[in-house]
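For reference, the structure discussed in these notes is given below.
Basis for what follows: all heavy atoms, side chains included, without hydrogens, waters or symmetry-related copies. Whatever order the structure lists them in is the order used to number ligands and atoms, beginning at 1. Bear in mind that the values here come from a model prediction, so they are computed numbers and not experimental data.
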Amino acid sequence: MPQTRIAVVTGANRGLGAEIARQLIARGLHVLAAARNPGGAQRVNDVLGAGAEPLQLDVTSPASVTAAVEHAVGRHGRLDVLVNNAGVTDGAGRASELPMDTLTATLEVNLLGAWRLANAVIPHMRSVGYGRIVNVSSNLGSLSLMTSSSEPAYRVSKAALNAMTRVLAADLTGTGILVNAASPGWVRTDMGGPGAPRTPEQGADTPVWLATLPDDATTTGGLFYDRQPLPW
Ligand SMILES: NC(=O)c1ccc[n+]([C@@H]2O[C@H](COP(=O)([O-])OP(=O)(O)OC[C@H]3O[C@@H](n4cnc5c(N)ncnc54)[C@H](OP(=O)(O)O)[C@@H]3O)[C@@H](O)[C@H]2O)c1
């Protein structure tokens with residue numbers, strides 16, 4: 001019988017993260033539903049049931065990342081899947097007037113947090129020769145689609161996250177660890193707002209597909225939207 005895959009989903013207490021966790025559980029994975037506030041992950045656990053396990057994790061804190069990964073590996077002996085979903089946006093604003101502390105705070109979650117956590121889990125994935133890392137990116141991070149300046153810190157952070165996806169994937173060639181980025185599209189969450197055209201179910205589909213690529217899959221270093229390549 002195949003081993004149950006162990007997954008960590010960041011920002012799993014609401015929005016896309018909660019839906020990604022739900023879909024992974026439905027596919028038979030055991031999910032550590034991570035949230036930065038202690039009550040958040042417990043709440044998602046209450047909603048998602050036995051397939052989810054709460055995990056306290058603030059991706060901006062190196063100590064929190066270390067403690068969370070040690071806790072997860074201590075309980076399960078392995079970590080197979082990481083979905084870097086936690087994210088923040090700077091909203092409307094002009095690139096030419098962007099406060100640098102806003103840029104720093106955005107990069108700290110969307111880029112550094114994702115990279116920090118990836119580097120913490122990779123040794124555990126290497127040890128079993130298997131891993132799936134999914135970085136939840138955005139169409140707004142696509143350089144070739146970048147014709148507006150709204151959410152400048154967010155756009156730059158997601159473009160950088162895409163670059164991180166490529167360098168990590170290249171670094172991990174041949175290890176069994178596949179690293180990809182996914183754009184969920186514009187989704188009705190707290191971040192996307194009520195006017196967004198897509199449901200969380202639709203937005204979660206591509207991240208979940210990448211997180212559950214089969215054992216013999218070779219797809220890595222890509223950016224996908226609705227399971228199709230998205231221009232960088
Ligand atoms: N919604 C869209 O239209 C859309 C489009 C493209 C891409 N995305 C991406 O999809 C991902 C999820 O977005 P969403 O719409 O679900 O956003 P959301 O509803 O605003 O949820 C964001 C999640 O990230 C968590 N988070 C923020 N900072 C964190 C930190 N330092 N450590 C751990 N968790 C942290 C939040 O936790 P708290 O509850 O504690 O704040 C929350 O769980 C993000 O990466 C976003 O950029 C969304």
Side-chain angles (χ1 to χ4, degrees), residues 8-23 31-45 47-48 52 54-69 82-91 102 104-118 120 133-142 145-146 148 150-162 164-165 181-208 210-211 223-226 230:
V8 170
V9 180
T10 65
N13 54 305
R14 59 188 169 101
L16 275 161
E19 178 58 23
I20 290 167
R22 191 190 68 75
Q23 292 189 18
V31 174
L32 291 120
R36 60 178 156 178
N37 298 316
Q42 186 59 54
R43 268 200 308 281
V44 84
N45 181 233
V47 172
L48 295 173
L55 182 70
Q56 191 177 350
L57 171 55
D58 180 339
V59 300
T60 65
S61 161
S64 175
V65 166
T66 301
V69 172
L82 167 63
V83 181
N84 274 319
N85 165 80
V88 293
T89 183
D90 51 323
T102 300
T104 302
T106 307
L107 289 171
E108 190 60 54
V109 178
N110 295 3
L111 174 66
L112 303 185
W115 204 329
R116 182 178 288 127
L117 189 53
I133 298 175
V134 182
N135 295 321
V136 180
S137 185
S138 170
N139 287 31
L140 301 192
S142 165
L145 303 177
M146 212 172 283
S148 158
S150 70
E151 303 178 59
Y154 182 78
R155 288 175 185 275
V156 168
S157 73
K158 293 297 188 182
L161 183 68
N162 293 345
M164 180 273 253
T165 301
S183 168
W186 185 16
V187 176
R188 286 191 293 280
T189 62
D190 292 341
M191 184 186 287
R198 290 161 71 91
T199 64
E201 289 81 0
Q202 290 171 308
D205 176 74
T206 298
V208 167
L210 291 168
L223 169 63
F224 296 91
Y225 174 76
D226 282 345
L230 183 71

**Prompt:** Asn135 and side chain to side chain donor-acceptor pair (under 3.5 Å): which partner among Asn110, Asn85, Asn162, Thr165?
**Reply:** Thr165
**Asked** Relative to atom 7 (C) of ligand 1, which among Ser157, Ser183, Pro200, Ser137 owns the nearest non-hydrogen atom?
**Response** Ser137
**Request:** Find the distance between CG (Leu16) and CZ (Arg22) and round it off to the nearest 0.5 Å.
**Result:** 12.0 Å
**Request:** Just let me know how Lys158 lines up against ligand 1, side chain, backbone, both or neither, with a heavy-atom cut-off below 4.0 Å.
**Result:** side chain
**Asked** Where is the tightest heavy-atom contact between Asp226 and Arg198, given as atom of each residue plus distance?
**Response** OD1-NH2, 2.7 Å
**Message:** Any nitrogen or oxygen of Trp186 lying under 3.5 Å from a nitrogen or oxygen in ligand 1? Just yes or no.
**Reply:** no
**Prompt:** Taking atom types as modelled and ignoring hydrogens, do the side chains of Glu151 and Thr89 form a donor-acceptor contact shorter than 3.5 angstrom?
**Reply:** yes
**Item:** Residue part near ligand 1, for Asn37, under 4.0 Å between non-hydrogen atoms
**Value:** side chain
**Message:** Residue-level breakdown please: for Val88 versus ligand 1, do any non-hydrogen atoms fall below 4.0 Å on the side chain, on the backbone, on both, or on neither?
**Reply:** side chain
**Complete:** Note: heavy atom closest to atom 37 (O) of ligand 1, options Arg36, Glu151, Gln56, belongs to Arg36
**Prompt:** Quick one: which of Thr106, Asn85, Leu16 has a heavy atom closest to atom 48 (C) of ligand 1?
**Reply:** Leu16
**Asked** Looking at side-chain heavy atoms only, is the closest gap between Ile20 and Val136 below 4.5 Å?
**Response** yes
**Geometric N/O contact Ser138 with ligand 1, under 3.5 angstrom** = no
**Request:** Take every heavy atom of Asn13, measure it against each atom of ligand 1, and state whether any distance is under 4.0 Å.
**Result:** yes
**Message:** For atom 4 (C) of ligand 1, which of the options Gly185, Gly192, Gly203 provides the nearest non-hydrogen atom?
**Reply:** Gly185
**Message:** Could you check whether any side-chain N or O of Glu201 sits under 3.5 Å from a backbone N or O of Glu19, counting only pairs where one atom can act as donor and the other as acceptor?
**Reply:** no
**Prompt:** Just going by heavy-atom distances, which of Gly87, Ala196, Gly141, Gly11 is nearest to atom 22 (C) of ligand 1?
**Reply:** Gly87
**Request:** Heavy atoms only: give me the nearest Leu117-Val69 pair and the separation to one decimal.
**Result:** CD1-CG2, 3.8 Å
**Message:** Under 4.0 Å, counting heavy atoms only: does Pro184 come that close to any atom of ligand 1?
**Reply:** yes
